[in-house]
Every structure is written in C-alpha cells, then in structure tokens.
Amino acid sequence: MKPSTPSPSPWVLSERAALMNPSVLRELLKLTEQPGIISFAGGLPSPKTFPVAEFEQACARVLRDDAHAALQYAASEGYGPLRERVAAGLPWQVDPAQVLITTGSQQGLDLAAKVLIDTRSRILVETPTYLGALQAFAPMEPQVHSVASDEEGVDIAALRAAQAAGTPARFMYVLPNFQNPSGRTMSEARRAALSATAAELALPLLEDNPYGELWFDQPPPVPLTARDPAGCIYLGSFSKVLAPSLRLGYLVAPKEVFPKLLQAKQAADLHSPGFNQRVVAEVMKDGFLDRHVPRIRALYKSQRDVMLAALARHMPQEVSWNRPVGGMFLWARLPAGLDAAALLPKAVARGVAYVPGAAFYAGAPDARTLRLSFVTASAEEIERGVCALSAVIREHMV
Ligand SMILES: Cc1ncc(COP(=O)(O)O)c(C=O)c1O
C-alpha cells in the first residue's frame with residue numbers, strides 16, 4: 001500500500017514556546033551519562049547524603065497519623081507547620097504568612113518571573129549565573145543584562161552603570177553563597193555594598209540560596225534579604241539538605257508581592273505535594289537537620305579537598321581554578337586558545353566529563369571556563385578523572 005502523505009500538523013506553537021530552550025546541561029548530561037564516564041558534570045547531590053531510614057520512618061508516621069489530610073488537596077501556601085519551621089530557621093524575623101512552599105526553588109524562579117517580568121522588562125544577573133534561572137526567565141521575554149562580577153561577587157560600579165544605562169531593572173537575580181556555577185561566595189563587604197546600592201537605586205533583589213547550608217569551615221555572611229526584607233524575595237530549597245526528588249523549596253516575599261506569587265502558584269500547580277511537605281516537617285522535627293547537615297558538609301569538604309589536591313598535582317600551570325568554601329562546584333579556566341565546549345567530546349572520549357562554562361553566561365561567554373562538581377564522584381574517581389582531563393588539556397595546548 002502506498003504511504004499516504006502526512007497531513008499538515010494542526011498544532012501552532014506560541015511564540016513563547018520558541019523561547020523555551022532545551023537545557024544545554026540536560027543535553028550534555030546525556031553525553032556524559034554513558035557507562036564508564038567519570039562525571040564532574042552533574043549538578044546532583046551525593047546520594048550518600050539522602051537520609052533514607054529517616055524518610056522511611058517519617059512516611060510511616062504520616063500515613064499512620066495523618067493519612068487523610070496528607071493525601072488530600074491542600075492549601076496553596078503550603079503545610080502550616082512546615083511554613084513555621086522554615087520561618088523559624090531563617091536568620092531574620094520572618095512571619096510564616098510570608099513563606100510560600102514551592103515545588104523546588106526552581107518553581108520560585110518561575111513564579112517570580114511571571115509576576116515581575118513584562119515583555120522587554122530589564123532584569124540584571126551576575127556573570128556567570130545559574131542557567132536554570134535564565135531558562136525560567138526567558139519565556140517572559142526580558143532583556144537580560146549580565147553585570148560584571150569578580151571572585152567577591154557583583155561589581156558595584158558595573159551595577160550602577162547598568163541601572164544608569166537603560167530603563168530601571170525590575171530586579172537583580174543573585175546567588176551569594178557557593179554560586180552555581182562558579183562556586184564563589186559574595187564577601188561581607190560586597191553584600192553590604194550591594195544591599196546599600198540596591199536600596200539606593202530602588203532595585204529589588206531576587207536572592208537564590210539553595211547551597212547556603214553547605215559551608216565547610218564557617219557559615220557564609222547573612223543573606224541579603226536579612227538586611228532588607230522589604231526589598232528582596234528569598235528562595236530556599238530542601239533539595240541539597242534532604243533530597244531533590246521531594247521537589248520542595250520555599251520563597252519568602254514582602255507583603256505587597258506575596259499575594260500575586262500565591263495566585264501564580266495556584267495557577268501553576270494548586271499546591272506542592274502535601275504528603276511530601278508533611279514528611280519533610282516530620283523528618284525535620286527534633287532538630288534532625290542540625291545533626292544531618294554537618295555530615296553533608298564534612299563529606300563535601302573532603303571531596304573538595306581531594307579535587308583541589310588532584311588539580312594541583314596534575315594540571316598544567318596555565319590552568320586556573322578557585323577554592324570554593326562550600327557547595328558543590330569548582331570553577332576552572334583553560335589556557336588561552338582552548339575552548340571548553342570544543343574540548344568536551346575529547347575529554348568524554350578519555351572517560352571524563354564536565355560542564356563547559358559558556359552556557360551560564362547571559363552576555364558574552366568566557367569559552368575557557370568550565371564547571372566541575374566534586375560531590376558525586378568517589379575520591380578515587382576524582383583522582384583518575386582529573387588526571388585524564390589534564391592529559392587532554394596538555395594534548396590540545398598550543
Ligand atoms: C542556583 C540554583 N537555584 C535553584 C535550583 C533549583 O533547585 P530545586 O528546584 O531543586 O530546589 C538549583 C538546582 O540545582 C540551583 O543550582
């Protein structure tokens with residue numbers, strides 16, 4: 001039988017759909033997830049840190065004591081006791097009524113984008129910045145301005161110039177602690193300057209802090225939101241301290257924006273899973289995180305040290321890297337003339353993967369940068385992986 005000509009598709013996609021780019025990271029991860037590859041590419045917490053036994057007990061208790069409510073539709077704001085716990089755990093005065101439980105902090109980014117960005121609104125981001133935030137903002141069609149940043153964080157003179165150069169930005173998106181991708185932490189002095197400058201310029205801040213608890217030697221300086229709660233929306237997450245599959249995070253917003261964020265949340269998914277919220281509240285009671293998080297810190301710190309030692313031992317001296325004081329990522333820079341994206345297939349062929357840094361730039365990328373996660377590979381894999389990567393870099397140096 002002759003195949004019939006396919007009829008034209010009835011589906012007309014919105015212009016907005018064209019702005020929803022596939023995550024370069026997820027595409028890359030497919031390449032790096034081949035068997036036998038040592039991957040420094042993923043942004044995944046170490047599964048060794050998931051408190052499986054505590055979850056097992058908490059799930060059983062929730063089902064025994066509160067099953068009907070836990071399995072029912074629930075309030076969009078979130079489960080009351082969890083909101084209270086979140087508010088009580090933050091280092092500034094937070095009314096639980098200002099806490100919205102979200103489906104991961106990624107949803108917080110999406111809701112903030114919907115509520116704050118009009119087509120062609122200007123927004124400011126750091127250089128580099130979190131790719132997932134750029135993805136969440138893109139469908140709202142903002143003009144994204146990448147503000148120059150150094151190892152201490154946002155360059156204040158560049159921020160002033162950016163605000164003076166065009167229509168005032170709706171907000172600046174900032175990641176002060178152990179940034180994804182660069183691993184850097186904003187210094188106390190820079191936070192004070194950013195907070196004062198943002199207030200002076202009437203520039204709201206969207207502060208994203210999923211890694212803040214994962215410090216190695218000392219806690220980072222207090223969040224920007226603690227300095228000016230009325231001028232900031234704060235995003236937090238349970239993904240890195242408990243487990244990412246819970247898909248639970250939260251935002252804290254000033255009273256004048258909270259109702260709109262809540263309405264956006266209602267439209268998006270009615271509420272975050274009530275069962276998961278109760279399980280997390282149950283796991284967290286009796287100060288569990290105070291015992292659990294130090295174990296994550298110790299593991300990640302030792303992993304970072306293994307990677308730093310391996311880099312020092314193997315890398316050519318033309319390669320540079322930083323020394324993150326928390327979190328999951330280290331940021332490195334290849335010698336002049338090398339491009340991290342072009343080098344990746346060659347590294348994968350040698351059995352090691354990383355994420356080229358270019359994807360994390362809203363403006364002109366630095367093609368020599370790359371992100372290395374030090375938390376999922378074992379110490380022995382880190383040593384072998386860094387050794388293989390150094391060999392590939394040496395071979396391609398001019
Ligand atoms: C900077 C940053 N923000 C937000 C997220 C989203 O986290 P989640 O939705 O799991 O809370 C991530 C995830 O890796 C991240 O790195």
Side-chain angles (χ1 to χ4, degrees), residues 23-26 28-29 39-47 49-50 78 82 86 89 99-113 123 125-138 144 146 149 153-154 171-186 205-215 220 223-225 232-252 261 265 268-269 272-273 276-277 280 289 293 296 300 324 326-331 355 357 359-362 371-376:
S23 164
V24 190
L25 279 194
R26 292 200 185 282
L28 270 174
L29 285 181
S39 181
F40 302 138
L44 314 177
S46 168
T49 67
F50 300 156
L82 185 61
V86 165
V99 176
L100 177 64
I101 303 295
T102 57
T103 303
S105 54
Q106 188 67 28
Q107 184 179 52
L109 293 167
D110 179 66
L111 302 180
I123 60 170
V125 299
E126 294 170 274
T127 308
T129 189
Y130 170 53
L131 175 63
L134 295 176
Q135 279 188 294
F137 302 153
V144 184
S146 185
S149 312
V154 184
F171 63 84
M172 177 158 196
Y173 170 64
V174 276
L175 280 142
N177 296 327
F178 327 129
Q179 199 220 36
N180 181 5
S182 70
R184 74 179 171 221
T185 297
M186 201 180 288
L205 299 177
L206 178 57
E207 179 173 28
D208 193 6
N209 189 22
Y211 303 98
E213 286 298 320
L214 307 182
W215 46 266
L224 294 157
T225 308
C232 302
I233 294 174
Y234 180 87
L235 305 179
S237 175
F238 293 107
S239 292
K240 311 298 190 299
V241 290
L242 283 174
S245 85
L246 295 163
R247 305 310 306 128
L248 285 182
Y250 50 90
L251 63 78
V252 181
L261 290 163
K265 163 87 184 157
D269 63 357
S272 300
N276 295 11
Q277 294 186 60
V280 166
L289 286 184
V293 176
I296 309 179
Y300 288 5
M328 298 175 20
F329 306 112
L330 184 148
W331 192 237
V355 180
F360 298 98
Y361 289 82
R371 188 190 77 179
L372 299 172
S373 160
F374 47 80
V375 303
T376 35

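Ligands are counted one by one from 1 in listed order, and the atoms in each one are counted from 1 as well.
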Protein contact to [atom] [nearest heavy atom, distance to 0.1 Å]:
atom	value
atom 4 (C) of ligand 1	S105 OG, 3.3 Å
atom 1 (C) of ligand 1	L175 CD2, 3.2 Å
atom 5 (C) of ligand 1	Y130 OH, 3.4 Å

Is there a donor-acceptor pair closer than 3.5 Å between any side-chain N or O of S373 and the backbone N or O of F40?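 Judged by distance alone, no pair lies under 3.5 Å.
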Using heavy-atom distances only, which candidate in Q106, K240, M328 approaches atom 14 (O) of ligand 1 most closely?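 That would be K240.
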Tell me whether ligand 1 is touched by [X] - counting only heavy atoms on the residue side and a distance under 4.0 Å.
X	answer
Q179	no
Q107	no
P210	yes

Polar contacts were defined as any N/O atom of the residue lying under 3.5 Å from an N/O atom of the ligand; does this apply to R247 and ligand 1?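 Yes, since at least one N or O of R247 sits under 3.5 Å from an N or O of ligand 1.
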Between D208 and ligand 1, is there a nitrogen or oxygen pair with a distance under 3.5 Å?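 Yes, there is a polar N/O contact under 3.5 Å.
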Decide whether T225 and E207 meet the rule of one side-chain donor and one side-chain acceptor closer than 3.5 Å.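 Indeed, the side chains of T225 and E207 share at least one donor-acceptor pair under 3.5 Å.
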Is a donor from one side chain sitting under 3.5 angstrom from an acceptor on the other, for K265 and T103?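 Side chains of K265 and T103: pair found under 3.5 Å.
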